[in-house]
Participant: 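I am attaching a structure below and will ask some questions about it afterwards.
Being a predicted model, the structure only gives us computed values, none of them experimental. Along the sequence shown, the residues carry numbers beginning at 1.
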Amino acid sequence: MKALISGASIAGPTLAYWLHRYGWEVTVVEKAPTVRGGGYPIDVRGTALDVIDRMGVLPQVRAAHINSRKLTFFAPDGKVAGSMDPEKLTGGVARRDVELPRGDLTSILYAAVRDDVEWIFSDSIAAIDDHGDGVTVAFDKHRSEDFDVVIGADGLHSNTRRLTFGPEDQFNHYLGYCFAGFTIPNDLGLAHEGLLWSAPGRMAAIYAPGCSPTLHGFLMAKRPIPPLAELRDVAAQRALMTEIFGGEGWLVPRLLDGMRAADDVFFDVTSQIRMPVWSRGRVGLAGDAAHAPSFFSGQGSSIALVGGYVLAGELASAPPEVAFKTYEQKTRDFVRQNQALADDGASMLAPSTTRALWFRNHVLLKVAPLLEATGLTGRDIRAATTALTLPDYPGATALVGAAGTSGS
């Protein structure tokens, strides 16, 4: 069986790894010239850690752990509103959950399967012809080729999804915010911590991933209408954020200066992808392409890891049309629970009104210490991140024994 996977971030390499282990011939196409490094820190939690363990790369992932120790919140006037251990905020489990730069995780996953599958970089799918007994794919640059299945693991703005299901706007559920992320020099002496300033409908953050000469800057603002025109215009993105945040105090002017000087600005809207089905015929979707939860949930990478494992196991066990449906049946409730985390994430990171901001800050100052003492903080998050128990597929269990397990 031959599979084409579009996307070389997290879901794509995970799926490629397992399909190869099950004897499939796999090709991965990626529009970037190489696997993308850098990027903001992400969490790997709950069931996703079991996937990493079964792949035998848990030691490398743990070695990249950046061990954030404190997240400090600031009020609109720049005064400290409260602080928390990030693991308490995210429902993390000490010494089990891992936080690492997104680029480190993608590099580790790529290295695990780099020599086992075909990689086509700097290219993308131009057309998909599913003729029932196979799929003919035309590429922008590469020669056309036939595959048994095609899987889109190409992110929130999936090209595979557009070609197969139609325009994105029918599945994109806008959550009301736009954001810009970028790196700035670490001239504040920060390490293993984050600073987060909030005003109603606006948030500015500086994050130090371990001890690093660079910091991650982040600006986010509530916008009733998604600023789609700015998505492909960096100058317009900078102008919009300057308009929204100009005149603010705290470290906001430094962040605006850093954004204007940065050559790695990433701008987007906060959205979830919600689809009635994740496959059509022999074409399926995985990761953010199928069900992006938004960064408000903190679970995009973990869902992608779990979905890649389950989809590969189902494709190795049944014909494609059946496998796609079974994969969806086994993972949709897990996805739904983790997408729901975005509601609390938005209210915690970016309260939209003065009253909501006061409530958030009051909780941090008065209630959070009590919750930490009782262990209640993050309980619902932990339940969502562990809501699915990994199925055991023929071949996968043997690998578990070879790689060793971390336990739950």
Side-chain angles (χ1 to χ4, degrees), residues 2-21 24-42 44 51-52 55-57 59-61 63-66 98-126 137-145 147 150-163 180-184 209-210 212-214 216 231-232 234 262-268 285-289 292 295 300-301 304-305 307-308 312:
K2 291 178 60 177
L4 173 68
I5 300 169
S6 177
S9 181
I10 294 174
T14 303
L15 182 57
Y17 175 93
W18 287 107
L19 284 178
H20 169 72
R21 292 301 181 274
W24 282 54
E25 183 180 337
V26 182
T27 299
V28 181
V29 60
E30 165 59 47
K31 65 180 180 180
T34 186
V35 172
R36 298 173 183 177
Y40 51 84
I42 54 93
V44 181
V51 175
I52 290 291
M55 294 176 71
V57 296
Q60 296 96 301
V61 170
H65 180 47
I66 59 180
V98 180
E99 181 186 25
L100 74 166
R102 182 182 182 87
D104 286 11
L105 179 58
T106 57
S107 296
I108 290 168
L109 296 173
Y110 171 63
V113 71
R114 176 181 53 212
D115 299 327
D116 298 326
V117 306
E118 180 186 11
W119 299 86
I120 303 173
F121 288 103
S122 299
D123 204 353
S124 61
I125 298 173
V137 176
F139 297 90
D140 286 337
K141 302 175 184 177
H142 197 68
R143 68 184 185 279
S144 295
E145 195 167 346
F147 299 91
V150 174
I151 301 117
D154 41 356
L156 175 67
H157 306 296
S158 169
N159 177 51
T160 310
R161 185 183 61 232
R162 178 184 61 81
L163 292 170
F182 44 90
T183 55
I184 58 176
S212 171
T214 59
H216 291 282
L231 288 179
R232 300 184 184 278
V234 176
D263 60 2
D264 58 355
V265 176
F266 178 78
F267 181 91
D268 210 336
L285 302 173
D288 281 358
F295 69 83
S301 299
L305 286 161

Participant: In Å and rounded to the nearest 0.5 Å, what is the CG to CZ distance from Asp268 to Phe295?
Facilitator: 9.5 Å

Participant: Side-chain contact, heavy-atom cut-off 4.5 Å: Glu99 with Val44?
Facilitator: no

Participant: State, with a plain yes or no, whether a side-chain heavy atom of Asp288 is found less than 4.5 Å away from one of Asp154.
Facilitator: no

Participant: Under 3.5 Å, side chain of Trp119 to main-chain N/O of Arg114, donor-acceptor pair present?
Facilitator: yes

Participant: Quick one: does any side-chain atom of Thr183 pair with a main-chain N or O of His216 as donor and acceptor, under 3.5 Å?
Facilitator: no

Participant: For Asp104 and Thr106: C-alpha separation, side-chain torsions, deciding distance, then whether side chain to side chain contact (heavy atoms under 4.5 Å, CB included) applies.
Facilitator: CA-CA 6 Å; Asp104 286 11; Thr106 57; over 6 Å; no

Participant: If you measure from CG on Asp115 to OH on Tyr110, what distance do you get to the nearest 0.5 Å?
Facilitator: 8.0 Å

Participant: Quick one: side-chain hydrogen bond (donor to acceptor under 3.5 Å, both in side chains) pairs with a partner in residues 24-33, sequence neighbours left out?
Facilitator: Thr27-Glu118

Participant: Ser6 and Thr160: which non-hydrogen atoms are nearest, and at how many Å?
Facilitator: CB-OG1, 3.5 Å

Participant: Verify, without hydrogens or angle tests, whether Arg161 (side chain) and Ala289 (backbone) share a donor-acceptor contact under 3.5 angstrom.
Facilitator: yes

Participant: Would you mind reporting whether Ile52 and Leu109 have side-chain heavy atoms less than 4.5 Å apart?
Facilitator: yes

Participant: Mind checking side chain to side chain contact (heavy atoms under 4.5 Å, CB included) for Gln60 and listing every partner two or more places apart, or none if nothing turns up?
Facilitator: Val57, Ile108

Participant: Name the orientation class of the two ring planes belonging to His142 and Phe139 (parallel below 30°, tilted from 30 to 60°, perpendicular beyond 60°).
Facilitator: perpendicular

Participant: Check whether any side-chain N or O of Asn159 sits under 3.5 Å from a backbone N or O of Ile125 as a donor-acceptor pair, and report yes or no.
Facilitator: yes

Participant: Examine distances only and state if a side-chain atom of Tyr40 and a backbone atom of Pro101 form a donor-acceptor pair shorter than 3.5 Å.
Facilitator: no

Participant: Quick check: does any side chain N or O of His65 sit under 3.5 Å from a backbone N or O of Val98, one acting as donor and the other as acceptor?
Facilitator: no

Participant: Rounded to the nearest 0.5 Å, how far does CG of Leu100 lie from CD1 of Ile42?
Facilitator: 4.5 Å

Participant: Is Glu145 close to Lys2 at the side-chain level, that is, under 4.5 Å between some pair of heavy atoms?
Facilitator: yes

Participant: So, taking the atom named CG in Leu105 and the one named OG1 in Thr14, what distance separates them when rounded to the nearest 0.5 Å?
Facilitator: 7.0 Å

Participant: Sequence neighbours excluded, which residues qualify as salt bridge (charged side-chain N to carboxylate O under 4.0 Å, His left out) partners of Asp123?
Facilitator: none

